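The structure under discussion appears below in the form of structure tokens.
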Amino acid sequence: MLIQAYDFLHLMRDRSCKLQVGGSDQWGNITAGTDLIRRVENKPAFGLTFPLIMSSTGQKLGKTEKGATWLSADRTSPYEFYQYWVNRDDADMDQLLKKFTFLGADEINELLATIERGENRGDVQRKLAYEVTWLVHGKDEADKAVRASQMLFGEAIVGLSDRDLAAIFAEVPSSTAERSRLEEGINVIDLFVEAGLVKSKGEGRRLLEQGGVYVNNERIDALETAVGLQHLASETKIVLRAGKKKYHVVSVA
């Protein structure tokens with residue numbers, strides 16, 4: 001508290017700062033600063049606090065086990081930002097829709113009614129996530145975040161950054177391939193064997209014949225297909241899929 005009070009004093013002296021704004025949990029720190037400024041500088045200073053926005057479990061909104069959720073795309077990518085809102089609980093939808101979107105009252109009430117009827121399958125969260133991501137990062141980034149989230153369910157994986165792709169497939173096994181090998185091209189079945197998606201070339205051939213071999217969610221039909229740099233889904237990554245849900249990310253080194 002003493003250090004934060006001195007911080008306010010320093011800002012008063014160096015930047016002529018007279019008002020400090022923060023959450024209600026910072027009230028003590030702020031008033032310690034106003035008191036220090038009054039005693040040391042004999043000048044008035046002021047504090048303005050707002051009630052904290054809490055989840056239904058009592059957690060500060062915006063704080064997660066991985067750290068804070070930032071507005072800056074450099075700290076929290078638009079996709080990660082979108083996913084943060086998608087993962088909010090039904091119990092929090094009332095306050096979040098009303099505080100963080102410009103949706104009309106009728107539309108919000110209909111969305112909440114979906115939850116009350118037990119019919120929500122994540123559509124309400126996705127609506128919230130899209131609206132807030134559009135507000136903060138713009139429509140293009142919001143649309144891109146939606147497409148990225150759909151890539152886990154089979155949509156073609158294209159136009160992503162390494163950071164976004166890593167966030168989408170954070171829990172997926174990965175391996176590294178040398179750039180020189182990909183420049184020459186690696187047979188798709190060999191690559192699937194190396195990635196551990198199939199146990200043998202024979203199993204890989206059978207999987208391909210059954211329509212279960214995918215590169216960046218695009219089905220591969222030819223046994224002689226060579227996977228190369230042209231298959232990069234982002235700056236350095238290629239996504240392999242065996243069957244419906246078995247993924248593996250190959251990073252180019």
Side-chain angles (χ1 to χ4, degrees), residues 20-30 47-161 163-172 217 244-245 247:
Q20 189 169 152
V21 181
S24 56
D25 60 336
Q26 295 299 311
W27 175 255
N29 293 326
I30 292 174
L48 176 64
T49 63
F50 298 92
L52 294 175
I53 300 175
M54 312 290 285
S55 71
S56 58
T57 61
Q59 185 182 39
K60 294 180 186 178
L61 199 70
K63 297 296 182 69
T64 71
E65 66 278 0
K66 296 181 180 179
T69 299
W70 298 85
L71 297 179
S72 170
D74 293 332
R75 291 180 175 268
T76 299
S77 72
Y79 171 76
E80 293 168 318
F81 186 81
Y82 175 87
Q83 287 299 317
Y84 172 80
W85 299 99
V86 165
N87 292 323
R88 297 306 92 205
D89 292 334
D90 281 356
D92 296 324
M93 289 300 100
D94 190 325
Q95 67 158 333
L96 298 183
L97 287 166
K98 292 174 180 177
K99 291 178 177 177
F100 288 98
T101 78
F102 289 104
L103 297 175
D106 290 343
E107 185 171 1
I108 289 176
N109 289 336
E110 179 54 38
L111 289 168
L112 296 176
T114 301
I115 295 174
E116 292 173 5
R117 293 192 299 268
E119 298 173 357
N120 181 34
R121 299 295 180 269
D123 293 335
V124 176
Q125 282 84 349
R126 285 189 287 272
K127 180 65 174 176
L128 168 70
Y130 184 78
E131 292 294 323
V132 182
T133 305
W134 186 349
L135 178 65
V136 174
H137 295 292
K139 185 177 185 303
D140 288 346
E141 289 296 340
D143 290 340
K144 181 179 174 182
V146 171
R147 290 196 302 273
S149 68
Q150 293 171 341
M151 290 173 187
L152 277 173
F153 301 96
E155 185 167 309
I157 303 171
V158 293
L160 293 179
S161 66
R163 181 177 178 179
D164 284 341
L165 194 146
I168 296 169
F169 297 97
E171 307 301 322
V172 170
N217 280 343
K244 293 183 178 180
K245 296 182 179 180
Y247 284 94

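Numbers for residues simply follow the sequence, beginning at 1. What you are looking at is a predicted structure, and each value in this text was computed from that prediction instead of being measured.
- D164 meets the salt bridge (charged side-chain N to carboxylate O under 4.0 Å, His left out) test with K144; sequence neighbours excluded.
- Every residue was checked against the side chain to side chain donor-acceptor pair (under 3.5 Å) condition with Q83, not counting sequence neighbours, and none meets it.
- Here the side chain of T76 pairs a donor or acceptor atom with the backbone of W70 at under 3.5 angstrom.
- In this view, E116 satisfies the side chain to side chain donor-acceptor pair (under 3.5 Å) rule with no residue, not counting sequence neighbours.
- The stretch residues 67-83 participates, sequence neighbours left out, in these salt bridge (Lys or Arg N to Asp or Glu O under 4.0 Å) pairs: E80-R163.
- A donor-acceptor pair under 3.5 Å is absent between the side-chain atoms of N120 and the main chain of T114, judged by distance alone.
- Screening N87, D90, D92 against Q125 for a side-chain hydrogen bond (donor to acceptor under 3.5 Å, both in side chains) leaves a single residue, D90.
- Between D94 and I115, the closest side-chain pair of non-hydrogen atoms is not below 4.5 Å.
- Minimum heavy-atom separation, I30 to T49: CD1-CG2, 3.9 Å.
- Screening residues 98-128 for ring pair (Phe, Tyr, Trp, His ring centres under 6.0 Å) gives W85-F100 as the qualifying pairs, with residues at least two apart or on separate chains.
- Remark: R126 fails to qualify as a cation-pi partner of Y130 under the 6.0 Å distance and 45° angle criteria applied to the six-membered ring.
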Return a table of donor-acceptor pairs under 3.5 angstrom between the side chains of residues 149-159 and protein atoms on other chains or two or more places apart.
unit_1, atom_1, unit_2, atom_2, d
S149, OG, V146, O, 2.6

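- Using a cutoff of 4.0 Å between basic side-chain nitrogens and carboxylate oxygens, E131 and K99 are not scored as salt-bridged.
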